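None of these values were measured; they are calculated from a predicted model. Throughout, a chain's letter reflects where its sequence line sits, starting with A, and its residues are numbered from 1.
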Amino acid sequence: MLGLAGESGSGKTTLALAAMRLLRAPALITSGEVLFHSRPIGGDGPKGTVDLLAAGLDDLREVRWSEIAVVLQSALNSLNPVTTIGAQFDDLLRVHRPGMPGSERWSRAGELLDMVGMNADRLRSYPHELSGGMRQRAMIAMALALEPQIMILDEPTTALDVVTQREILEELMGLRDRLGFAALFITHDLSLLVELADEIAVMYAGRLMERAPAASLFHAPRLPYTHGLLNCFPPMHGKRARMEGIPGSPPDLRDLPSGCAFHPRCPWALEKCKQAIPRLEPISGSGREVACWLHHDDAKVPAELAKADPRTEPRQRVPTLIQVSKK
Amino acid sequence: MNVAAAPVLEGRDLTKYFQVRQSRGLFARRLSVHAVENVSVRLEAGKVTAVVGESGAGKSTVARLLARIIRPDSGQVLLDGRPAPGGRPRSYAKQVQMVFQDPFASLNSVHRVRHNLVRPLKIHHVADDNVEGAVADLLRRVALKPPGHFTEKFPHELSGGQRQRVAIARALAVKPRVLIADEPVSMLDVSIRLGVLNLLADLRDKEQLAILYVTHDIASARYLADTVVVMYAGQLVESAPSVELTDNPAHPYTQLLLSAAPDPDRVEPPQLAGRGAPPSLITPPSGCRFHPRCPYAMDICKQQVPPSFAVSPDHIAACWLHAKPAERVASNNGLSTAPVGPLEQDTKKR
Amino acid sequence: MGALLRRLGVYILAAWVALTVSFLLPRVVPGNPVAGAVARASQSGNCNAGCIKAIEEQLGFDVHKSLWDQYVQYLGNLAHGDLGHSWSENAPVGSLILSYLPWTLVLLGIATTVSFLGGSVVGTLIAWRRGTWADWLIPFATFFQALPYFFLGIVLVLVFGQTGTMLKWFQSLFGYDIYATTPGFTVSYVESVFGHAILPATTVILASMAGFILSIRNQVITTMDEDFVLVAQAKGLPTRTVIWYAARNALLPVVANFTIAISLIVGGQILVEIVFNYPGIGFHLYDALSKLDYTLVQGIFVVITLVVLAANLLADVVYVMLDPRARQAA
Amino acid sequence: MTIDTTTLSQTPATGPTPEPIFQRTAILRLPRSPKVIAGLVILAVFGVVAIIGRWIAPYSPNATDTQNWVQRVLVPGTGEGTPFPANYYPLPLPPSAAHWLGTSVFAQDVFSQLLASTQATLFVGLLAASIATVLSVVIGVSAGYFGGGTDEGLSLLSNVFLAIPALPLLIVLADYVPRAGSSILLVAAIIAVTTWAYTSRTLRAQTLSLRNRDFVEAARVSGEGRLRIILVEVLPNLIPIVAASFLFTTLTAMYAYVAIAFLGLAGAPTGSPAGLWNYPAFAWPSSAPAWRCSTSASTSSSIPGFERRGFRAVRPSRRASRRGRHWASRRSWAIDQRTRHLEWAPNRMWCSRSTDSASTTAMATMRSTRSSTVT
C-alpha cells in the first residue's frame, strides 16, 4: 500500500484522478504518462503495459474499475442518490460481466456486501437510508466487485468518526491481504498513514517531495516539510511538550513561490532553494527519494534530517503496477 | 497553582432535548433528541478543559449551552458561582465569548477584518477612546503582524489559519474571561493547526483565560487541555487530567476511542475495543448508553444509568465497573461478580 | 404522505384564495357589473326594478343580502359546479367552460409534455457535449426563451399561417375549420382539428421548450460535477448510462420548480389562444373580458387556477416518484 | 508500485480559499465580455430612449396623418357576396422617410409611438419591480430569519401566490380594478402583487441558510442586537440576490405589462385611449424582418449574458436565465406593434373593443358560427 500525504490543495486528488483520466475541464493533463502494468492473468505472462493517458476511450473503459477502482471521500456523493445500492451494483456488473445473468449479479452483489460486513438486504436500500460508515462500506464493496488490481482510496475515511474509520480501515486491510490488490491511500493524516502504508509519498503544492518506506519516513524524515508535518501531530504518549508545527501557511497555487515551493516556510532554506526547483532524486543507498536541495551535492544536512534509518526487515517489494511519470 | 480554584464558568446538570419533526405535514410526530443529559462541566481560570467525543455526542451542544446561545431544559449555568442571567444580556457576552469551527463561515464575508473587530469593541464600549489602537493590539495578540496589513482585508483574502485568528481576536475584543472554542482547528490545514492550538495555550497561560476546547481529536486534546471530558451519546462518561485520561482510560468508551485513534508510535496493529455505531438519540438505550457496544457490559449496565465514580482524585468515570462492590450490590441486588479484571489489565498494558 | 398532504394543503388554500379574490373583486370595487349590465339593458329599452332584480339574480349579486351570505351562497353554488350564468353567451358558465376546456387541456398537455421531454433530452445533450457544436444551440434557445409567446405566435402566423402572408402552410385560425366541417367523430373533423393545432402547439412548445432546455442544461452541468457521476465514469460505465445518471438527478430540481414553469406556460398559452382565436379557455377569457361578461371571466379564472393547481399536484407526485428521498419523507 | 516525478502543470481548482459568497469588487468591476458590453449598450440605449423618447419623437404619438386616414380597405368576409354589409379599415403605411416604421391603421406614426411608450413601459417595470422587491425582502427575510410560526405563515402566503397562475390573476385584477387602465401606479401595484412570491421564496431560503451560519451566531454571541444583525450582517449578503431579482422582476413586470396591454387591459403606454394600440399597426409584410431578428437576438442573448457573468458571485437561480426572456419582451411589444397587422383581421378580430364596426361584424360572424357548433 502506497500512502500519498499532503495538505489540502497539494494535488493529491488531482494526481489520482489524473491517473484515471477523470479530470474535468478546465483541467488539462499537459504532459506525462500513466503506465499501467497489468499483472499476468492466469500465468500467461505479462499482459503488457498500457499508457492510460494515451489509451483510447474503449481501452480506458475496460481498464477502469475492472483493474483500477476508486473510493472517494464522501460516499454519499459517490453513490447515485436516486437508485438503490443493488441497482448500482447491477449497472456495474452488467457492463463488465456481460455474460452474467441477473440473478447471479444480485447474489454476487450480496456476497460483496457480506465481504465488507454488511447485510445483503442492504441492496434494496437507497444511499440516504444508510449511515456514513455503511455507505463507505458499500462503496468499497463496489470497488471490489471486479477484483481490481489497484484501489485508489481518496480520503476514504476522513468524513467518518474515529471508531468507524478504524473499523473500515481494518476491513480494508483484511481485504487487501486476502485479495492482494495494490492500494493508493490518499489522506492528509500522516499519522494514520504511518500506521497503514508500506510506503509513503509526500506532496506539497502540486509536487511529489519525498518518497520512503513508512517507518523510515516517520522515524527519519529527510525532507524539511515532512519533518514539520510530523511535528504537527501531537503524540498520544509520553510527556507533553510544546510543538511548533510549520510556520506560515500553504501557498496559493495560482501564485507559487519561486524555486522550491516550501522555501518560505522552511527553517533550513538555502539561497538555492529560492531559485531552482529541486528534482525528486534517490538518496544513495537508502532506497528512498527526496526533492530537496539539502540532500544534493555537498549541502550540509541538518541533524534533524539526518537520523539513521530504522533497522527494519526489508519489505517485500510489491511489483510495480502503476507508474506515473513526467515526460 | 491554586488546586481548588473556584470555577469561572460552570455548567451544572445541563440537559437539552431538541424537538424534531419526523416529517413535515399534518400528522408529523414530534420527537425529542436527547442531545445532552446531566452534563456538568467546570471551567477554571488559566485552564483548558477539553470536551472529546464522536459527532453527535453533544459536545457542541454543551459549548452552546455554556455560551448561552441555547437554553438548557434543566440544569444551571453558573458564572462566578452565580446563576447566569436569563436571556443573553451584554454583561454575559462580555465575560463569555465563543470561537466557531468554520472560520470560513464565522466571519461575515461582506465585512472587512476591521468591522469584525470594531463591532464588539463598540457594543461593549471597550476602548472607546482608541478603537484603532485596540484593533491593532488585538491583531498583534493573535500574531497577525503587522496589524495594518490585515485591518482592511476581507475574510476571503485571508488563509484559513489567519481567519481563525481573526475570529479569536474578535472573541478577545471584549476582554472575556471565558473562551469557548468549538472545534477551532478541525477545518484548518494540518500544518497550521498547531499554531492555533499554541495560540490558545498562550492565551491560557498569559491571560489566565478559562478555555473550553471542543474537539473530536483526542490527541490534540491531550496536547492542549489540562482536563479532558469525554462525552458519549449526550452524556459525560469520563473526566480526568489529560495525560491521566489518555494513559489510564477508565471508561470502556474512552478505551475504544483511544484504540481507534491514529497513533504512529503503535507497534502492533490496534485492537478495537468495541464495535458498532453510536445509538439513536431519539430512543437511547436503557441504562448506560454504551452498554450495547461495551465488551464488559453487565446486567446492571442495561438497567441503571451509572453515576460518576471516582477512579482516582480528579478522575471520574461513569461506569459500573468502577463501582465498589458494595455500591453495586446495593444498587443491583447482588450482581457483584462482574469482572473488574479485564479493564484493569487492559489499562496496565498501556 | 406528509409532504404531499402539505402541498395539497397549500393548493387548497391557493384555490380558496383564488375563489375569494374572484368573489370579492367585483363586489368591493366601485362600478360593479350590475350597473354595467343595467346600462346595457337600458340601451334597448327601459330597465325597471324587476329588470334590475333579474340582472342581479343572474349575476349572483344581491345587494339586499350581506356580503357574507352572498359568499356562502357563492361557495355553495361552486360546490355544486354552478359557476353562474353568462349573459353574453346566454348559457351556464359551467357548461361553457366544459366545452372550452378540452381544447385547452389537450393543447396544454401535449405542449407541456413535448416541451418538457424534448427540453430534457436536448438540454442534457447540450450539457454533455459542452464545448462542441452543441453550444451553438444555446443562443437559439435563449432567443426563443426571450420571445413572448404571443409574439412568437404572431410571427409563426405571419410566416407559416394561412392567414399570414408568406408560406401559408398551416391553418392559423380557430380550432377547426368552422366553415367546412361540423364537430363529430368524422375523419374530416379530426383532420381539421389536428391541422389547426399544429401552429398553436408549435408556438407553445417552442417558447416553453427553450426554458426547459436552458434550465436542464444548467442542472446537468451542475450534476456532472457531482462525485457520483465521476465515479460512474470511473466505473467504466457506457456513456449513455453515465448521462442517464446525471440527467435523472438533474431533472429533480426542474420538476420541483414546475410550479413556476406551468404558471408561465399557462399564461403564455392564454395569449397564444388569443392570437390564433383558438377556442380554448384563454381565448374565451379574453372574449368575456371584452364583452364585460364578468361571470364568465370569474368562472374561467377559477377553472384555470384549478387546472394549474392540479398540474402542480401532478408534478409533486411525479417528483415524489422520482426521488426516493422525497418518497421517504412523503 | 512507484510514483516518479510528477508534474501537475494545471493547478487544481480547489485552493485553500474557497469562493467568497460575495465579492464587493464583483459588482464594481464588470466583466468585459463582448456579450456583456453588447447587453449594457442595449440597456443604455433603452434607458436613453425612455428618458428622452417623448421629446425626440418626430410626431405626436397620437396625431393622425390625415392624408392616409382616408384610404380604406375592405374587410374580408364583408361587402358584396357576403351576408354582411361592407366594412373598411384604413390602410396603414409602410416604412418611409416620413414614417420610419410606417403608420398604424389610425395613420399614427409607429416610430413616435415606440419612442413615447418606451418610457411608460420601463417606468411600469421599474416601479412594479420596486414594489415587488420591497414586498419580497420584507416577507422573505422575516420568514427566513424569524423561523417558526412566522416562517410557516409567510411561506404559506408566498407558496399560495406562487401556485396561483400569475397571468390570469393579473388579468382579473387589471380588469376589475377601476382606472387600472389609466393609472400607471395601479398597474404597477397589480403586477407587483403577482410577481413578488418567487423572489420572496428565494430570499427566504437564502436567509435561512445565512441565519444558521456561524457569523450570525458570532454576532449574537458578541451581543449584537437583532435588528442590527438583520440589517448589517444578513442583508448585505443578500444584496446580490436582491439586485439580480430586482432586474428579473423588472423584466417580468414589463412582460406582464406588455401582456395585459396586449389584451387592452392596461391602456396604451402612450397614454392614448385603452385598446387603441390593439389596432393593426401597418401593412407591410416584408418590412424589416432582418432588423427585427437581429435586435431580438442581440437583446435576448446579451441580457442573459450580462446576468450570467455580472452576477456570477450570486450564483443566479436556474430561473434567472429563464426570466431573462422578459427583458426582450419590452422591446417586443414594439415589434409586435409593427407586425400585428400581418395577421390583423381574422386573428385579431377582437380588436373591436372600441367602435370599429368591421371587427364587430366579423366577430359576430364568428360567434354565430361558433355558438351553433361548439356550444
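- Considering CD1 of C:Ile265 and CG of D:Leu167, their distance stands at 13.5 Å, rounded to 0.5 Å.
- Within residues 307-316 of chain C, the residues having any heavy atom less than 4.5 Å from a heavy atom of chain D are, in residue-number order, C:Val308, C:Leu309, C:Asn312.
- The candidate from C:Val17, C:Leu271, C:Val266 with the greatest count of non-hydrogen atom pairs under 4.5 Å with chain D is C:Leu271.
- In this structure, D:Ala166 and C:Ser263 approach most closely via the heavy-atom pair N-OG, 3.2 Å.
- Here the CG-OG1 distance, from D:Leu169 to C:Thr305, works out to 7.5 Å after rounding to the nearest 0.5 Å.
- Between D:Ile164 atom CD1 and C:Phe301 atom CZ the span is 6.0 Å, to the nearest 0.5 Å.
- Residues C:Ile270 and D:Pro168 come closest through the heavy atom pair CD1-CG, 3.6 Å.
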